Structures are given as structure tokens and as C-alpha cells.
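Both backbone and side-chain heavy atoms feed into the values below; hydrogens, waters and symmetry mates do not. Fair warning: this is a prediction, and the values are worked out from it, not measured in the lab. Quick note on labels: first sequence line is chain A, next is B, and so on, each numbered from 1.
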2 protein chains.
Amino acid sequence: MARRPGLTEDVVVNAAIELVNTQGVEQLTVAALAQKLAVRPPSLYNHVRGLDGLRQAMVLRGLRALTAKMQTAVMGRAGFEALVSLAQAYRAFAAEQPGLYALTLRSNENADPEAQAAGQAAIDVVLAVLHGYGLEGDAALHATRVLRSALHGFVSLEMAGGFALPLSLDESFDQLLCTLDCGLRNGFGQNANPDSSPLQQ
Amino acid sequence: MARRPGLTEDVVVNAAIELVNTQGVEQLTVAALAQKLAVRPPSLYNHVRGLDGLRQAMVLRGLRALTAKMQTAVMGRAGFEALVSLAQAYRAFAAEQPGLYALTLRSNENADPEAQAAGQAAIDVVLAVLHGYGLEGDAALHATRVLRSALHGFVSLEMAGGFALPLSLDESFDQLLCTLDCGLRNGFGQNANPDSSPLQQ
DNA sequence: CGCAAAAACTAATATAATTAGTATTATAAC
DNA sequence: GTTATAATACTAATTATATTAGTTTTTGCG
């Protein structure tokens, strides 16, 4: 039932992903995408619900690809080794697909159920790694947030060109991981220095 | 030499900041801003170099305001207390001016010299705090990246609605700070567990 | 009082997303 | 094999956007 170019949602979404990865998230326009696919802009609306629907579909694929990459990374590993492997996979994903990563980690506010499930799957991988640190329950959930914050923060600053100095990024990333490891092994779930802590004002 | 509404660059930029803080970064349009100022869109071009120039000016103010807030926060404090105060100021800034924060931490790639200087001033505050941890030289610079990553990651995930679970955000933030404190006090500058580290492959 | 410059305006252009409606073509039913 | 149907790409039109050009008005200063 297709006509000349034989578009499908898959083809459109993949082309869009390629476009944001090479040109940046801002350059994702219906016009540019249509040109890339040798088609007139309105034709895309047969396969995708406008720019918003397109972005949603891209986010879903991004989350799933990231989760798959992380799952592979932690297979057969535990403790610090698993943490490092997970983190490297995370950072590598952002480096390989910068546009898709930026889009994926933009906003989870209006996420549809599918996207929320995909997000949960990603979190489950992190939780599995934290299990190896002996963390369970609320402590593990807090630790998940800490881990995600650190990884997302580093990666997004790196991508945004926020680290200007001529200083090894790999080394900084290693230090970040050592810091996380240190925090996860010591004193997670209770305050590190309960007495003098300014947290208990 | 002004005419009726008496616009100035300050008035325009401040209105734009108010707009992004209340409506979100995506809603910053020349049309919306002009309407807010009771003026026709082209009039804004007498005070601001289009949307790009406007954003640049906003970023500059954002960086300076954030720096000022952080400087106040660390005055007279040291060590963990300074770290906590700095972090709380950082997070509070993002909460008070979400749109401006999002805009500010977007991209430092094409930053003009003024913005770069403002960014450096912010980093200097962090360096001062790290001085209290006995960190100097490259170790301090790596630590700055670690700190910025963690803070920016947490804050931007929080703002994007990335933390969905019904679990105290304040507590997660405290855990993040304890983790950072732990990493900064132990083993920064050298590997925490040199022997079995997967980092030395 | 008049002059010059700043500032706001109208009008026009260009690009973008999106919708409506039309034509074509491939698949499936007969 | 022919025909009906539905998918799909198209043209045309609408709306919203940023931006530039050129005009008019006002205001501060000599």
C-alpha cells in the first residue's frame, strides 16, 4: 500500500535520530527531515504525529537503546567493576548519539506510559548494580538518584562544552566514579559525620 | 530620547527572564515578549540583537546572579559546611529561577568573552570551597568538575521531573552531598582502590 | 524654537508547522 | 485479471514565527 519512497515510521524516526545526532537537536525540523527523506513535509504526517510525536518516538528508542547498552555493560559484573562498566556505557552512549541523548534526558514530565516503563527499566539496571553494594530499599533509591545525577551531570556538561580547561576528561570521569564508589561503600543510608553536620540545622 | 513605553535593554531582558521563569524556556518568543511589554515585536530589536542576543544577555545575568548567590553562601564557611551551603544555594537558584537556570547551563560552546569570564567566576567559588578540603592544582580542577557534574545533574533532573518516586528529594540531595564529601576527603587525586580497579585496564 | 537621533511603528519577507483536500498506486478481494 | 479500497504522497492554504526595511513620531539639547 505504499507509494514511491515507501516511508514507514521506522524509517522516519531513524532518519530523525541521524539528523539530531549529526546536526543537533535544534536542527530537527519537519522541513529538514523531509528533505533528507526526499519527500514533501506533509508526507511525514502519515507516519508520525507531528514534531511532538516524532520526539516522543525518538525518546522511547533512546531510552531503550540506553537501557540495553547498560544491561550489557553490567552483565557478569558486580561492585565497583559493575559501576565503572555501567558508567562508561552511559557516557559512551551519549558520545555516540549526542542528539538522541540530549532529547532523551530532556523532560520526563509528560511521558507516556511506554516511556515511563522504559525509564523504569533503565533505573532497574542501576538498582541491580547498587544491590552489589548491599543497598536496598529507600537507601538504594536515594543512591539511584545520586548515581543518575552524577552521570547525567557529567555527560551533559561534557556535551555542552562546559568543561573548557585542557585537563583530561577521562581522568575527571574516573575521579567521579571513585567519589561515587567511596560514597556508596561508606555511610550511605546514614550521615557520614552526624555530629558536626550542617544538614541537621 | 525614548518614546512612549520607554524600553531599555534592562527592561527587555528582565521581562524575558520573568517570562522563561514562569512559562518555560520554549515559550520565549519575540511575539510573547513584545506582548508582555505592550509593544510591537520589531520594537525589541532596538534594544536587543534578536532572540540570540537576548538569550546571550540572559545567560550572562544568570551566571552572574548564580555566582553572587554562591559567593554569599560560602562566606565565612569552610569544609563540609561550605560545601553544603554552596550546594543549597545552587539548588535554590535553580528552584527560584528555573527558566534562567535552564538557559544558563545550556551551552558554553559559543560563549562570548564576558560569559566565559562570568563562568570562570562561578568556578572560582567552587575552587575556594575545595581549597578548604586541601585540594589544589589538577586535583582541585578535577574535583570542580565532579562537583559541578553532581550539582548540575541533580538539579536538572529535578527540574525535568526526572525523579518520579514519592521519596524525599531533600534527603536524596543530602545523600549526594555526603557522597561528595566522602569522595573529597578520601582518595581524591589518587585511586581509591588501586589494585583491583577496573579503571586500569 | 528647531534639529538630530533614538525609538516605536507599519509593511513586507522568509521560514516553519500543520491541516484540508486531491490524486495515485499498491494490495486484496472477487 | 479486474476492480475496490485504503494507504500514501502530493499541492494548496493557513497560521505563527523571526527578522529587515523604511517611515513616523517624539524627545532632549543647542
> What about Tyr101(A) and Tyr90(A), are their ring centers closer than 6.0 Å?
Replying inline: yes
> Could Glu18(A) and Lys36(A) be called an ion pair, given the rule that one side-chain N must be under 4.0 Å from one carboxylate O?
Replying inline: yes
> When the ring centroid of Phe154(B) is compared with that of Phe163(B), is the distance short of 6.0 Å?
Replying inline: yes
> Do Arg49(B) and Glu9(B) sit within salt-bridge range, that is, some charged N less than 4.0 Å from a carboxylate O?
Replying inline: no
> Among dA11(C), dA16(C), dC10(D), which nucleotide sits nearest the side chain of Ser43(A)?
Replying inline: dC10(D)
>> Counting only side-chain heavy atoms from C-beta out, which of dA9(D), dA18(D), dA16(C) sits nearest to Val30(B)?
In response: dA18(D)
>> Please report the distance, rounded to the nearest Å, between CG in Leu19(A) and P in dA16(C).
In response: 12 Å
>> Between C1' on dA16(C) and CG on Leu44(A), what's the gap in Å once rounded to a whole number?
In response: 13 Å
>> Heavy atoms from C-beta onward define the side chain here; which of dA7(C), dC10(D), dT19(D) lies closest to that of Pro41(B)?
In response: dT19(D)
> Atom CG of Leu54(A) and atom P of dA17(C): how far apart are they, to the nearest Å?
Replying inline: 11 Å
> What's the CG-P distance between Leu37(A) and dT8(D), to the nearest Å?
Replying inline: 14 Å
> Within this structure, what is the CZ-to-C1' distance between Arg40(A) and dA16(C), rounded to whole angstrom?
Replying inline: 15 Å
> Is the phosphate of dA8(C), meaning OP1 or OP2, less than 4.0 Å from a side-chain N or O of His47(B)?
Replying inline: yes
> Expressed in angstrom and rounded to an integer, what is the separation of Leu51(A) atom CG from dA17(C) atom P?
Replying inline: 5 Å
> Which of these nucleotides, dA9(D), dA8(C), dT20(D), is closest to any side-chain atom of Pro42(B)?
Replying inline: dT20(D)
>> Using whole Å, what does the distance between atom C1' of nucleotide dT19(C) and atom OH of Tyr45(A) come to?
In response: 9 Å
> When you check the gap from the basic side-chain N to the acidic O, do Lys69(B) and Glu96(B) get nearer than 4.0 Å?
Replying inline: yes
> Has the side chain of Asn46(A) got a donor or acceptor atom sitting under 3.5 Å from an opposite partner on the base of dA7(D)?
Replying inline: no
> Over how many whole Å does the gap from Asp52(A) atom CG to dT19(C) atom P extend?
Replying inline: 11 Å
